[in-house]
> 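Take this structure first; my questions come after.
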Amino acid sequence: MDEQPRLMHSHGVGMAGHPGLSQHMQDGTGGTDGEGRKQDIGDILQQIMTITDQSLDEAQARKHALNCHRMKPALFNVLCEIKEKTVLSIRGAQEEEPPDAQLMRLDNMLLAEGVSGPEKGGGSAAAAAAAAAAGGAGSDNSAEHSDYRAKLSQIRQIYHTELEKYEQACNEFTTHVMNLLREQSRTRPISPKEIERMVSIIHRKFSSIQMQLKQSTCEAVMILRSRFLDARRKRRNFNKQATEILNEYFYSHLSNPYPSEEAKEELAKKCSITVSQVSNWFGNKRIRYKKNIGKFQEEANMYAAKTAVNAANASAHGSQANSPSTPNSAGGYPSPCYQSDRRIQ
DNA sequence: GCGTATGATTTGTA
DNA sequence: TACAAATCATACGC
């Protein structure tokens, strides 16, 4: 097999200035008489050139005759080498590409989201991260988590099915082309190297399709994620009991409605919400109360009365009031109305 | 459908 | 960093 390149690169000038054929002719494969051999080759080339002018049957017969011609292997090798040195070498140089950075990014993202690579609970970690980013309480998001997981799992499944299809199609097409080229290499100057190159071209084409698949999968994950985050933003009213507890605290500490961290934690626990939700609630309440004290007057009076009753009951039973203690608390029963010396002004 | 209530977010400030 | 204020977006009652 290694015989041919050595023969082709040996010295001497052959047909069309190519050394390989000349050597073939001199080493016994091409006959003994130089002029005769040239004539031989000229005839072969002439036959090849005119083969398309003939009828199909004639052409087939001519093709067979040429295939069996004693000069055929040498001519074939020369043509292969010429082809290799011209078109293919240029194309080969052009097609050398560095590893695609975008593809790497897509791969990394798909891996991180749990779409590619080993399944890691359908991306529950990503869902949890998304939930954490949204600052959610976590108590009511289990349904949304499972929804997110289900949808991510769907994306994963589609991705893998499509990927499998592409790989199968790529393998089938590659095999087909390889067989075709091998078959054609009996009559056309197609070297194994060229077949190899063609295979790599096919792989490149298929990997660009694969990249499109990866890109659209990434987009789907992004959309799912943003929808999940949007869902986390959906407002849910606190239950009545939680609102009662928060209002009770607010109006019983009206002189200084700023619960300490400990009080916030206690309130959060009692209301089954997060500390930040307690902070949000107090922030909203303070500003809205301040903006419209008149509107809240009735509510304030009601809670003041309620707190008074609670306190009376507590003192009657020798126990303490129910509202969480706070270092900021002014103590006692504050007036239901804001005064000028209070912090909210 | 509309107005209001309300939880969450954003932005500016001390 | 906590808070005020403004704003957004949705829930809710009519």
Side-chain angles (χ1 to χ4, degrees), chain A residues 123-151 220-307 322-332 334-345:
Chain A
S124 57
S139 58
D140 62 326
N141 59 7
S142 58
E144 283 164 12
H145 267 215
S146 63
D147 192 37
Y148 180 90
R149 277 198 296 273
K151 289 203 167 82
V221 171
M222 285 284 107
I223 290 165
L224 175 67
R225 233 183 138 156
S226 77
R227 276 186 190 160
F228 178 75
L229 286 170
D230 283 347
R232 295 293 315 130
R233 286 168 66 123
K234 271 185 186 172
R235 193 175 61 77
R236 298 270 186 278
N237 284 357
F238 297 155
N239 62 42
K240 205 177 172 185
Q241 199 192 352
T243 312
E244 290 258 312
I245 292 166
L246 293 167
N247 271 317
E248 245 174 68
Y249 186 96
F250 180 81
Y251 287 110
S252 65
H253 297 80
L254 207 49
S255 59
N256 191 20
Y258 298 86
S260 64
E261 269 310 301
E262 292 77 24
K264 279 183 192 172
E265 277 169 24
E266 204 176 330
L267 285 166
K269 206 173 170 183
K270 275 187 170 181
C271 301
S272 303
I273 57 176
T274 63
V275 173
S276 59
Q277 281 178 304
V278 172
S279 300
N280 285 340
W281 189 91
F282 273 88
N284 285 324
K285 191 73 183 178
R286 280 192 298 265
I287 196 81
R288 282 161 190 165
Y289 182 88
K290 186 188 144 183
K291 271 187 175 178
N292 200 344
I293 294 172
K295 196 183 89 180
F296 287 96
Q297 191 68 64
E298 201 182 326
E299 189 179 67
N301 290 335
M302 187 192 82
Y303 278 103
K306 201 174 173 183
T307 311
N322 200 28
S323 63
S325 61
T326 166
N328 296 338
S329 171
S335 157
C337 302
Y338 262 75
Q339 304 298 318
S340 58
D341 62 335
R342 285 172 190 144
R343 187 167 171 183
I344 297 176
Q345 286 171 11

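Here is the naming used below: chain letters follow the sequence lines, and residue numbers restart at 1 for every chain. Remember, predicted model here, so these are calculated numbers, not experimental data. Hydrogens, waters and symmetry mates play no part in the numbers below; they use all other heavy atoms, side chains included.
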> What's the separation between atom NZ in K264(A) and atom CD in Q277(A), rounded to the nearest 0.5 Å?
13.0 Å
> Without decimals, in angstroms, what is the distance between I287(A) CD1 and dA5(B) C1'?
16 Å
> OP1 or OP2 of dA4(C) sitting under 4.0 Å from any side-chain N/O of R286(A)?
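Yes, such a contact exists.
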> Starting from the 5' end of DNA chain C, give me the residue, R288(A) or G283(A), whose nearest nucleotide shows up first.
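Closest to the 5' end, via its nearest nucleotide, is G283(A).
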> Take the protein atom CH2 of W281(A) and the nucleotide atom P of dA5(B), then report the distance between them rounded to whole Å.
15 Å
> Dump the pairs, protein N or O against N or O of nucleotides 12-14 of chain C, anything under 3.5 Å, distances to one decimal.
none

> Between the opening five pairs and the closing five pairs of the helix from dG1(B)-dC14(C) to dA14(B)-dT1(C), how far apart are the helix axes, to 10°?
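Computed angle between terminal axes is 10°.
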> Within a strict 4.5 Å, meaning less than it, do heavy atoms of the F282(A) and Y258(A) side chains meet?
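F282(A) does not reach Y258(A) side chain to side chain.
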> Under the side chain to side chain contact (heavy atoms under 4.5 Å, CB included) test, which residues partner E265(A), sequence neighbours left out?
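If we apply the side chain to side chain contact (heavy atoms under 4.5 Å, CB included) test to E265(A), skipping adjacent residues, the hits are E261(A), V275(A).
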> Please collect all salt bridge (Lys or Arg N to Asp or Glu O under 4.0 Å) contacts where either partner lies in residues 238-247 of chain A, sequence neighbours excluded, each pair once.
E244(A)-K306(A)
> For K269(A), what residues pass the salt bridge (charged side-chain N to carboxylate O under 4.0 Å, His left out) criterion, not counting sequence neighbours?
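Counting only residues at least two positions away or on another chain, K269(A) forms no salt bridge (charged side-chain N to carboxylate O under 4.0 Å, His left out).
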> Going by side chain to side chain contact (heavy atoms under 4.5 Å, CB included), name the residues that satisfy it together with N239(A), two or more places apart in sequence or in a different chain.
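With sequence neighbours excluded, N239(A) shows a side chain to side chain contact (heavy atoms under 4.5 Å, CB included) to Q241(A), A242(A), given in chain and number order.
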> Write down the distance between NZ (K291(A)) and C1' (dT4(B)), rounded to a whole number of angstrom.
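After rounding, the gap between these two atoms is 14 Å.
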> Using whole Å, what does the distance between atom P of nucleotide dA2(C) and atom CD of Q277(A) come to?
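Spelled out: CD on Q277(A) to P on dA2(C) is 17 Å.
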> Quick one, Y251(A) and Y289(A) - any side-chain contact, counting heavy atoms below 4.5 Å?
yes
> Could you check how far CZ of F282(A) sits from P of dA4(C), rounded to whole Å?
12 Å
> Quick one: NZ on K285(A) to OH on Y249(A), what's the gap to the nearest 0.5 Å?
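Here the rounded value is 15.0 Å.
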> To the closest 0.5 Å, what do you measure between CH2 (W281(A)) and CZ (R286(A))?
10.0 Å
> Expressed in angstrom and rounded to an integer, what is the separation of F238(A) atom CZ from dA8(B) atom C1'?
9 Å
> When the distance from NZ of K285(A) to P of dA5(C) is rounded to whole Å, what number comes out?
16 Å
> For N284(A) and dC8(C), what is the distance between atoms CG and P respectively, to the nearest whole Å?
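The answer, rounded to whole Å, is 15 Å.
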